[in-house]
Amino acid sequence: MKYLIEIAIGPVQEFIASARKLRDLWFGSRLLSELSKCVAKSLKEQGCSLIFPAPEKDGDLEFRSDLIVANKVLVEYEGDCPRDVVNTAKENWKSLFRAIADETIRAIEEDSRLKKMNIQQDLFNAQVDDFGEFFAAWVPVEGDDYGAARHKVEQLLAGRKSLREFDMPQWEGFGVPKNSLDGMRETVIGNKAVTIPGLLKRNEKLDAIGLIKRFWPLRTHKKFDDLSDVSSKSWFAQVYGTPELKILMDQFASLFEAGDSFPTEAIYIESNDSEDWKALGCGDPERAWTLLKDIKETAGNPMKYSCILLGDGDNMGAAIGKIKSKEGLQGFTKELSTFASQVEIIVEENDGCLIYAGGDDVMAIVPLETALKCADELRKEFASIMKRVCDKYNIGSVSPTFSVGMAIVHHQEPLSNVLDCARMGEKIAKNEAGKNALALIQNKRSGAPLVVSGKWDAQGELKGFVERMELMIERYRSRDEEQHLPSNLGYQLREARIGAGDELEYKWDGDRLIPLNAQSALVQRIFLQKKGNADSLIKDLLMGRTSIRKLSDELVIAHQLSGANVEV
């Protein structure tokens, strides 16, 4: 008999919530992907036909392959014992996590810096054995209608996940401090005062899972970029591209325990307080402070902000629901894998750092100067791939689109706040902007967040969101007085709105822009007063506008994206 088996592993939200560094978040998603690949490989070896994931070759399912897999696995099984197949996959899943845990301990024991944490091995082992969620459901396939079977197995799996099992911890935790990241489990670090520059803060507590996420990635020899790394990329490029500054920077790096891999936070230190420098592994704070001041006198201050990008496909469930055959589901999955592989290329070409790309989900951090370009290229790549797959499988009117939420965040912003901003942006893009849209949140360190959003494509006379934002950025950077926008323009328009009202309406008559109400005339006059801006520029910025506030907010955010280093 034919069955559809679906398996979901986790916990997903726990991995997202319990992260202080982006490396924690990156590895949390990477670990789930490795465990999902392990489950898929086990099912395939037992004779199942993979639907999701649908790798191009068997090697894609091997441990540490480049393939990223979401936390759900869907397969077709032909036989009489789906439960046995599922139980074997679960055993392999547990074995892999244990192997990763053991490898983490070996990495710690082999490094003198890490060994001083004094890991409590018994407690570590107990928490590893207790970790993980594994849910499974299966249904028979009737009449080769894989669409109906998939819908039913999704419902069953959702029901199974809601029936959670709660067991008592198999260890004694009385009097042991909790994990600093989420407070769920006791710390396994025995040395209370240990500090490891760039990896572990003084008095930071990590449980077994937090320890694995923080230190197992060191075995991959990957230096994962953090917010500070991405924010300062253009600054480092300038420094290392200038011979005399490179000499100073090499001297600066030599003062740190980690050498060239010194924590990037060091370039943001604004005093000669020795404790701040020593916490980052600097052996000569006074010398480091002097060198940094000399570098900044020429290179200026590094950018303190970057963008976190969260993208997700729209109407995916409706599109998949149109597919009735196994071959169609596998083909759709392969196209999503193609998109995920392209995502990493696009993000890297825009000097960003990919955190996660699985199916239609994307999370990345990108510099301000390439953020809009990166988001636009991602949605165009997704649209191209979805058009191809929808044409092939006659999906028609429910062709998926791509929505992105982006947040401009300070490099010292707590990661939980950063993720909340990105999720809020994604929600706005999908709900308030109506999908197939981009929402951008400016989250400065003081004041309320500023939110702007819009469709990718033009809406009547109003240019597409990215196009009009890039036009503003270009004008802010322009050295032509007729084209240049002054930095305070957005704030001046905001003040005008308070006294005049918010509604804007224009029409274009021949070569003249005609305001159709008093506030529109006021806004046009403000533009004309700014160094005689050309009529063509005014048309580009004002046509199709209906709100002064939305225009002023876009101008304020575009000014920061143009390269302004907001100091608040």
Side-chain angles (χ1 to χ4, degrees), residues 21-22 197-198 225-256 258 260-282 284-308 350-353 365-372 406-415 417-418 442-447 450 473 476-477 479 484-488 490-491 556-568:
K21 298 173 72 66
L22 278 170
D225 294 335
D226 237 320
L227 285 173
S228 299
D229 297 295
V230 176
S231 300
S232 59
K233 273 192 175 181
S234 59
W235 186 83
F236 274 111
Q238 178 186 356
V239 169
Y240 284 115
T242 308
E244 56 270 24
L245 293 182
K246 183 180 184 303
I247 293 172
L248 295 179
M249 181 54 71
D250 289 342
Q251 295 174 5
F252 179 79
S254 69
L255 302 175
F256 289 82
D260 291 340
S261 298
F262 68 89
T264 308
E265 298 99 300
I267 67 171
Y268 292 101
I269 294 180
E270 297 178 349
S271 75
N272 60 353
D273 187 324
S274 61
E275 291 303 314
D276 291 340
W277 290 97
K278 289 178 180 178
L280 296 178
C282 180
D284 189 346
E286 196 66 38
R287 175 63 175 156
W289 172 241
T290 301
L291 285 168
L292 185 60
K293 286 196 298 182
D294 291 342
I295 293 170
K296 287 182 178 180
E297 282 182 5
T298 301
N301 292 317
M303 176 64 70
K304 296 181 178 180
Y305 288 81
S306 57
C307 278
I308 184 159
N350 285 282
D351 294 326
C353 184
I365 46 174
V366 285
L368 294 188
E369 55 266 30
T370 61
L372 288 174
M406 286 202 305
I408 301 173
V409 292
H410 193 275
H411 73 99
Q412 289 184 325
E413 188 74 17
L415 185 56
N417 294 352
V418 169
Q442 182 193 60
N443 185 40
K444 298 192 295 187
R445 304 204 84 194
S446 62
L450 198 60
I473 292 169
Y476 276 124
R477 292 173 177 168
R479 297 186 180 183
H484 177 73
L485 292 177
S487 61
N488 66 344
Y491 297 101
V556 169
I557 293 180
H559 180 243
Q560 185 176 7
L561 291 175
S562 70
N565 202 347
V566 180
E567 294 295 334
V568 293

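Heads up: numbering here begins at 1 and tracks the sequence.
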Chemist: Residues two or more places apart in sequence or in another chain: which of them pass side-chain contact (heavy atoms from CB on, under 4.5 Å) with T370?
Modeler: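 side-chain contact (heavy atoms from CB on, under 4.5 Å) list for T370, sorted by chain: N350, V366, P367.
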
Chemist: Are the side chain of N443 and the backbone N or O of I408 linked by a donor-acceptor pair below 3.5 Å?
Modeler: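 It does not hold such a pair.
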
Chemist: Can you measure from CE (M303) to CD (E369) and round to the nearest 0.5 angstrom?
Modeler: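 Those atoms lie 7.0 Å apart.
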
Chemist: Let me confirm one number: the SG-CG distance from C353 to L22, rounded to the nearest 0.5 Å.
Modeler: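 Here the rounded value is 7.5 Å.
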
Chemist: Which residues pass the side chain to side chain donor-acceptor pair (under 3.5 Å) test with D284, not counting sequence neighbours?
Modeler: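 Partners of D284 under the side chain to side chain donor-acceptor pair (under 3.5 Å) test: none.
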
Chemist: For A253, give me all partners under side-chain contact (heavy atoms from CB on, under 4.5 Å), at least two apart in sequence or on another chain.
Modeler: D260, F262

Chemist: Determine, step by step, whether Q560 and Q442 satisfy the side-chain contact (heavy atoms from CB on, under 4.5 Å) criterion, reporting the C-alpha distance in whole Å, the side-chain angles of both residues, the deciding distance to 0.1 Å, and the verdict.
Modeler: CA-CA 9 Å; Q560 185 176 7; Q442 182 193 60; 2.7 Å; yes

Chemist: Supply the atom-to-atom distance I473 CD1 to I557 CD1, rounded to the nearest 0.5 angstrom.
Modeler: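 Rounded to the nearest 0.5 Å, the CD1-CD1 separation comes to 10.5 Å.
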
Chemist: Show me the donor-acceptor pairs within less than 3.5 Å that the side chains of residues 275-282 make with the rest of the protein, sequence neighbours left out.
Modeler:
unit_1 : atom_1 : unit_2 : atom_2 : d
W277   : NE1    : S271   : O      : 3.0

Chemist: Between K233 and D229, does at least one N-O distance fall below 4.0 Å, as a salt bridge requires?
Modeler: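 Here K233 does not pair with D229 in a salt bridge, since their nearest N and O are not under 4.0 Å apart.
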
Chemist: Side-chain atoms of residues 287-299: list all donor-acceptor pairs with protein atoms under 3.5 Å, sequence neighbours left out, distances to 0.1 Å.
Modeler:
unit_1 : atom_1 : unit_2 : atom_2 : d
R287   : NH2    : Q251   : OE1    : 3.1
T290   : OG1    : E286   : O      : 3.0
K296   : NZ     : I267   : O      : 2.8

Chemist: Out of curiosity, T242 OG1 to M249 CE, how far, rounded to the nearest 0.5 Å?
Modeler: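 Taking OG1 in T242 and CE in M249, the distance rounds to 11.0 Å.
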
Chemist: Hey, what do you get for CG (D250) to NZ (K246), rounding to the nearest 0.5 Å?
Modeler: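 Answer rounded to 0.5 Å: 4.0 Å.
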
Chemist: For residues G241 and P243, report the shortest heavy-atom separation together with the two atoms involved.
Modeler: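 Between these two residues, the closest heavy atoms are O-CD, 3.7 Å.
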
Chemist: I'd like to check the side chain to side chain donor-acceptor pair (under 3.5 Å) partners of E413; sequence neighbours left out, ordered by chain and number.
Modeler: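 N417.
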
Chemist: Can you tell me how far OG of S231 sits from CD of E265, rounded to the nearest 0.5 angstrom?
Modeler: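 Going from CD on E265 over to OG on S231, the span is 10.5 Å.
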
Chemist: What do you reckon, are the aromatic ring centroids of H411 and Y268 less than 6.0 Å apart?
Modeler: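 Here the rings of Y268 and H411 have centres that are less than 6.0 Å from each other.
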
Chemist: How about M406 and I308: do any of their side-chain heavy atoms sit closer than 4.5 Å?
Modeler: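 Side-chain contact under 4.5 Å: no.
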
Chemist: Could you please spell out the steps behind the side-chain contact (heavy atoms from CB on, under 4.5 Å) verdict for V409 and C307?
Modeler: CA-CA 6 Å; V409 292; C307 278; over 6 Å; no

Chemist: Work out which heavy atom in H559 is nearest to a heavy atom in S487; give both atom names and the distance.
Modeler: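 Reported closest heavy-atom pair: NE2-CB, 3.3 Å.
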
Chemist: Who passes side-chain contact (heavy atoms from CB on, under 4.5 Å) against Y491, sequence neighbours left out?
Modeler: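 Per chain and number, Y491 pairs via side-chain contact (heavy atoms from CB on, under 4.5 Å) with K444, R494, V556.
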
Chemist: Would you name the heavy atoms of H410 and Y305 that are closest together and state the gap between them?
Modeler: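 Scanning both residues completely, I find the closest heavy atoms to be N-CD2, 3.4 Å.
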
Chemist: Is it the case that the side chains of S228 and T264 hold a donor-acceptor pair, with the cut-off being a distance below 3.5 Å and no angle test?
Modeler: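 Per modelled atom types, T264 and S228 side chains form no pair under 3.5 Å.
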
